[in-house]
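Before any comments, here is the structure.
Remember, it's a predicted structure, so these values are computed and weren't measured experimentally.
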Amino acid sequence: MDLKKSIDIFLILIVSILSIILIKVAFFNLENFQFAADIFRHFSSIRNIFDGIGPYEGPVMEFTFGTHTYFIFYLIAPFLFFLKDPKILILINILSVSLSVTLIYFISKKLLSKLDKYNLISLLVSLSYMFFPTLFKGYFYQPYGFQADTIATPLFLILFYVFLLKKFNSFLFLSIIILSIKEEFILIYPALIILIFWIAKLFNLNGLKLNKAKIIIISFVYLISSLGIVISLSYFSKLNNFNYIPAFWENNSFDISYFQLIMIKFLKITFPLIPIILILGFYSKNDKKIIIGIFFIFLAAILRVLENIIIYATPNGSAWGNLILAPIFFIILIVLSKRYFEIKSAPKTPFYIGIFLIILLSLTNNYFAVPSIKTSIKFYLNHEENINFKKELELVDDKIIKYKKNDYIILPEYLNYPFINKMSYVSYHYFDNTIKSFEDKKNIIQDASYILIFKKNEIEFFKYLNLPSNNLIQLVNKHKTKILETKNILLFR
């Protein structure tokens, strides 16, 4: 076996091992009540699509597309034929990020084929990408577990790869899929397209060529997709009982401190790349194309931070919102590396040092500044399964039967699994904080198929399980009948 194939196998092996470890850790945390919020909300919507109800989350948040246009959920729903469980979303999330590592490797191999004799540069770039902070957060961000935005990471890289292969129909199809992920991609997609064709022109890449007809087709697809997204968001938001308004417009204003937050976030995002950026600029003797490429890395970062402000009301945004920056940065880094090695006077050793520094800075950042996965692994290593409590849940699960499409259960958010597999839910938090009027609270209780009450909250293992409010208890006792009692749980119908 030659060295090239050995490096191919080594990369795939490393990615596979990391994926298996993360999947095992994530499954353990899910089964032991460490996940909440978005993974269950999204699974509820996808399960309801699968069951023929449509993009309906539950009786409180109601129609999913009134908040975010996750048309991609219709493509995910058929996977529930194989596994009707939130674990399918964890698998999709982790495997999407892991696949993107492999895609970075193959893109690098293709672009550096004449310069990287043994694929060593491609391997190092892929490893530095694997641990890059904005990507590393995306494997699964506990307690949220899954975000559709994660799927954009490999899709953008596949889009770039089919561009290199000059496959227009595939390019167009992937464009539609990317636009189906979320309404944010109305803004993100044009930026991705400009980036791809700008890179191709600046660095003389032999990729897909556009004529007037192809430009018209891409523009038409974009406009129709955007129109569909806007109409859907408007229509479903009117059906919901709440208004989705970005908090920024209500609670924030631009001042010096806000600009400081913007700059801090910008530096946090780009910090692991600073050494390699300085090395490429200095040792290329400020090559014009490399300087322009570096500028676009910084531009992508600042545009994402500004979008975070508009959408999330904070420069920090979200772990999944910033995820798309990782493939953008590393596509640019690969073409910068290509240009750098084409300059005969440029030394190779500083470049390799720069790549190792990305890995080192990323690992350091991930340890100190990314508590999610570290917390998950710590829980996995330090806790044993609570077998007795799980047996209680099995007894409860046997009692819960879905009779009607719109049946739902009221329960504490972190105790959602495995009941979310059967029906929609309302958490104690939404009942106590989102629903304001007493009449609405009473209706939610009366219409619920089941209500699960967690009796005590003394064990550290259940520290996240919030107890029911007195208001909820009073309404349950008045309108529901107890059908099961265990050591820790009361089940009402």
Report the C-alpha distance between Asp447 and Lys442 in whole Å, list the side-chain angles of each, state the deciding distance to 0.1 Å, and finish with yes or no for salt bridge (Lys or Arg N to Asp or Glu O under 4.0 Å). CA-CA 9 Å; Asp447 294 341; Lys442 187 178 75 171; over 6 Å; no
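- Taking the centre of each ring, Phe197 and Phe163 come in below the 6.0 Å mark.
- By the neighbour-count criterion of 12 heavy atoms within 6.0 Å, atom CZ of Phe173 is sparsely surrounded, having that number or fewer from other residues, nucleotides or ligands.
- Tested against Pro154, the residues Val97, Leu103, Val101, Leu95 include a single side chain to side chain contact (heavy atoms under 4.5 Å, CB included) partner, Leu103.
- Annotation for Phe266: atom CZ counts as buried by contact number, over 12 foreign heavy atoms lying within 6.0 Å.
- Ring geometry for Phe136 versus Phe131: interplanar angle of 30 to 60°, hence tilted.
- Using modelled atom types, one side-chain atom of Asn29 and one backbone atom of Val25 make a donor-acceptor pair closer than 3.5 Å.
- Looking at Thr153 and Ser100, their side chains never bring a donor and an acceptor atom within 3.5 Å of each other.
- Remark: the Gln147 side chain and the Asp38 side chain contain an N/O donor-acceptor pair separated by less than 3.5 Å.
- Each of Asp398, Asp397, Asp407 was compared with Lys422 under the salt bridge (Lys or Arg N to Asp or Glu O under 4.0 Å) criterion, and only Asp397 meets it.
- For an aromatic pair to be called close, the ring centres must be under 6.0 Å apart, and Tyr129 with Phe330 satisfies this.
- Between Tyr408 and Tyr450, a ring centre-to-centre spacing not shorter than 6.0 Å is recorded.
- Checked by atom type, the side-chain pair Thr134/Asn322 shows no donor-acceptor distance below 3.5 Å.
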Does the salt bridge (Lys or Arg N to Asp or Glu O under 4.0 Å) test come out yes or no for Arg47 and Glu57, once each step is laid out? CA-CA 9 Å; Arg47 188 207 55 250; Glu57 184 183 312; over 6 Å; no
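- Heavy-atom neighbours of Lys378 NZ from other residues, nucleotides or ligands within 6.0 Å: at or below the threshold of 12.
- Within the 6.0 Å centre-distance limit, the rings of Phe73 and Tyr70 are counted as a close aromatic pair.
- Annotation for Ala26 and Ile90: closest pair CB-CG2, 3.6 Å, computed over non-hydrogen atoms.
- Proximity of the aromatic rings of Phe43 and Phe146 is defined here by a centroid distance below 6.0 angstrom, and this criterion is not met.
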Trace of the salt bridge (Lys or Arg N to Asp or Glu O under 4.0 Å) decision for Asp51 with Lys405: CA-CA 8 Å; Asp51 290 340; Lys405 284 186 175 181; over 6 Å; no
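- Below 30°, between 30° and 60°, or above 60°: for Phe65 and Phe71 the angle between ring planes is above 60°, a perpendicular geometry.
- Heavy atoms only, all atoms of each residue included: Leu490 and Lys482 are closest at CD2-CD, 3.6 Å.
- Pairing each heavy atom of Leu135 with each of Met130, the nearest pair is CD2-O, 3.8 Å.
- Considering every non-hydrogen atom in both Tyr74 and Gly54, the closest pair reads OH-CA, 4.3 Å.
- Other residues, nucleotides and ligands contribute more than 12 heavy atoms inside 6.0 Å of the CZ atom of Phe298.
- Residue Leu452 comes nearest to Pro412 through the heavy atom pair O-CD, 3.8 Å, listed as atom of the first residue, atom of the second, then distance.
- Within the 6.0 Å centre-distance limit, the rings of Phe63 and Tyr56 are counted as a close aromatic pair.
- A donor-acceptor pair shorter than 3.5 Å cannot be found between the side chains of Thr64 and Arg41.
- Phe168 carries Lys214 over the face of its six-membered ring, with the cationic atom under 6.0 Å from the centre and within 45° of the normal.
- In this structure, Lys87 is positioned above the aromatic face of Phe27, its NZ or CZ under 6.0 Å from the six-membered ring centre and within 45° of the axis.
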